[in-house]
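Read through the structure below, which is laid out as structure tokens, and then see the notes.
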Number of protein chains: 2
Amino acid sequence: MVDRKSSSEGQVAELIDCIGRLAHFLQFVEGLNPAQWEALRFLARANRYSQTPGALACFLRTSRGTTSQTLRVLESKGYVRRFPDRRDRRVVQLELTPAGAALLDHDPMLRIQEAAANLSGEMGSDLAEGLSRILHAVEKRCGLDEFGVCWECGHFLVNNAADDRAGPHRCGLTGDPLREAETRLLCVNTIPITPQA
Amino acid sequence: MVDRKSSSEGQVAELIDCIGRLAHFLQFVEGLNPAQWEALRFLARANRYSQTPGALACFLRTSRGTTSQTLRVLESKGYVRRFPDRRDRRVVQLELTPAGAALLDHDPMLRIQEAAANLSGEMGSDLAEGLSRILHAVEKRCGLDEFGVCWECGHFLVNNAADDRAGPHRCGLTGDPLREAETRLLCVNTIPITPQA
DNA sequence: TGACTTACTATCGAGTCGATACTATATAAT
DNA sequence: ATTATATAGTATCGACTCGATAGTAAGTCA
């Protein structure tokens with residue numbers, strides 16, 4: 001049996017476990033369950049390439065089948081809408097309905113966000129840094145893929161000068177113009193910057 | 001809709017969410033699921049007063065009924081053993097079998113513990129401090145009860161001099177003697193120190 | 001055209017989950 | 001002592017997650 005001494009690293013893992021259970025428990029509200037809340041949050045944070053069942057499944061680290069069921073429930077409750085993708089007719093595009101977006105004001109994870117906000121600024125940023133390192137270390141070690149935003153993506157083509165209405169920037173993968181706000185959203189297609197440099 | 005700007009506190013909540021999902025995913029191994037792993041870990045960390053279905057349910061923040069089923073599965077797999085309590089015949093005492101204890105060497109949460117161990121010592125302890133504050137703040141705000149160890153418990157009666165084989169210390173609630181090792185285990189009955197001072 | 005890949009859905013069995021109802025035991029009130 | 005009530009645990013139900021598997025539809029490439 002492993003040595004579970006109360007050293008710092010052991011405590012961190014235990015605390016993450018504990019907060020995870022707490023978050024799990026808190027998310028049984030408003031008639032939803034944790035997986036459904038996760039899906040709503042993701043759809044509010046995902047860019048157009050990622051508002052699909054497949055990207056959601058990837059993000060939730062679950063199968064497409066399971067995700068399909070979760071979406072069926074959310075659609076039946078009127079929080080999510082599906083519509084076909086024009087470019088690729090295999091793809092289903094997802095969208096939060098106004099009711100779904102409004103429901104996020106009651107997101108139980110806001111309880112945790114509020115508690116984090118009450119930490120001192122320095123402690124909050126240190127905490128974010130530490131958690132981020134752990135997250136990426138485990139993802140890398142287990143060969144899991146990560147989501148990111150344009151500014152951390154090798155496909156991103158910045159253009160700060162132009163002021164096109166469709167968006168000043170551009171995605172090097174799809175060629176699509178990107179509005180400023182879109183560059184802050186999560187994307188399935190992100191790759192590390194300068195992969196061959 | 002809530003303002004989800006990428007400020008520090010928002011990042012912390014999002015990272016906790018993300019690591020929670022990661023932990024959830026990692027725990028579908030060895031034929032077990034997250035709830036079953038949580039139960040095994042708890043039983044390895046709980047003192048004799050807390051190795052019961054009721055205490056486990058309280059710790060997991062789930063119903064007794066659900067816990068009963070989880071235990072039935074773990075017992076059928078040979079990881080947990082039940083035996084009657086002599087003092088109170090309503091109570092069922094739980095115990096990890098050797099197989100159950102050995103299985104904890106393959107606990108998927110060790111992946112996260114290892115990643116935490118790779119942080120610098122200072123960052124690790126800061127991380128533990130921040131997570132602990134968030135955890136307790138949310139628990140307090142939501143009126144949830146917490147588990148603790150003897151050294152943080154108002155019932156605890158320290159006795160560093162005596163060297164009784166049954167244990168030098170004592171629990172003021174039950175009157176039982178406590179061995180040194182037992183005082184590091186989780187207990188359902190913990191209360192704040194000096195509740196009326 | 002045909003082989004292959006990708007995006008999604010449907011279905012199955014095991015398990016979680018809350019809710020409810022139930023049994024057995026302990027404790028308090030009378 | 002008897003009764004009422006509270007507590008510990010279990011059983012069962014329906015909704016849901018989950019992985020696994022199989023299937024459909026659509027895009028891609030040889």
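Just so you know, these numbers use all the heavy atoms, side chains as well, and skip hydrogens, waters and symmetry mates. Naming: A, B, ... by sequence-line order, numbering from 1 per chain.
When each of Val91(A) and Arg72(A) is assigned the nucleotide of DNA chain C bearing its nearest heavy atom, the one mapping closer to the 5' terminus is Val91(A).
Side-chain contact between Leu32(B) and Tyr79(B): present, with at least one pair of heavy atoms (C-beta onward) separated by less than 4.5 Å. Ile112(B) places none of its side-chain heavy atoms less than 4.5 Å from the side chain of Asp17(A). Using a 4.5 Å heavy-atom cutoff, the side chains of Arg141(B) and Glu114(A) are in contact.
A salt bridge does not link Glu95(A) with Arg82(A): every distance from a Lys NZ or Arg NE/NH1/NH2 to an Asp or Glu carboxylate oxygen is 4.0 Å or more. Residues Glu38(B) and Arg21(A) are paired through a salt bridge, judged by an N-O separation under 4.0 Å between the basic side chain and the carboxylate. Using a 4.0 Å cut-off between charged nitrogen and carboxylate oxygen, Arg87(B) and Asp176(B) count as a salt-bridge pair.
The separation between Leu32(A) atom CG and dA15(D) atom C1' is 13 Å, rounded to whole Å. Rounded to an integer number of Å, the gap from Leu26(B) CG to dG19(D) C1' is 16 Å. Taking atom CG of residue Leu71(B) and atom C1' of nucleotide dA8(D), one finds them 13 Å apart after rounding to whole Å. At whole-Å resolution of the value, CD in Gln69(B) and C1' in dT10(D) are 10 Å apart. Atom CG of Asp88(A) is separated from atom C1' of dA26(D) by 7 Å (rounded to the nearest Å). Atom CZ in Arg90(B) sits about 11 Å away from atom C1' in dT5(D), given to the nearest Å.
Side-chain atoms of Gln93(A) and Asp85(A) form a donor-acceptor pair, as typed in the model, at a separation below 3.5 Å. Side-chain contact, Ser63(A) with Thr66(A): a donor N or O sits under 3.5 Å from an acceptor N or O.
Between chain A and DNA chain C, the heavy-atom contact criterion of under 4.0 Å yields a 5' to 3' nucleotide range of dT6(C) to dC17(C).
Applying the 4.0 Å criterion to OP1 and OP2 of dC18(D), one finds that His24(B) has a side-chain N or O inside that range. Using a 4.0 Å cut-off, some side-chain N or O of Asn33(A) falls inside it from OP1 or OP2 of dT17(D).
For the segment residues 49-66 of chain B, residues with any heavy atom less than 4.0 angstrom from an atom of DNA chain D are, sorted by number, Thr52(B), Pro53(B), Gly54(B), Arg64(B), Gly65(B).
Residue contacts for Thr67(B): at a heavy-atom cut-off of 4.0 Å it reaches no nucleic acid atom on any strand shown.
For the pair Arg61(A) and Phe28(B), the cation-pi criterion (under 6.0 Å, within 45° of the ring axis) is not fulfilled.
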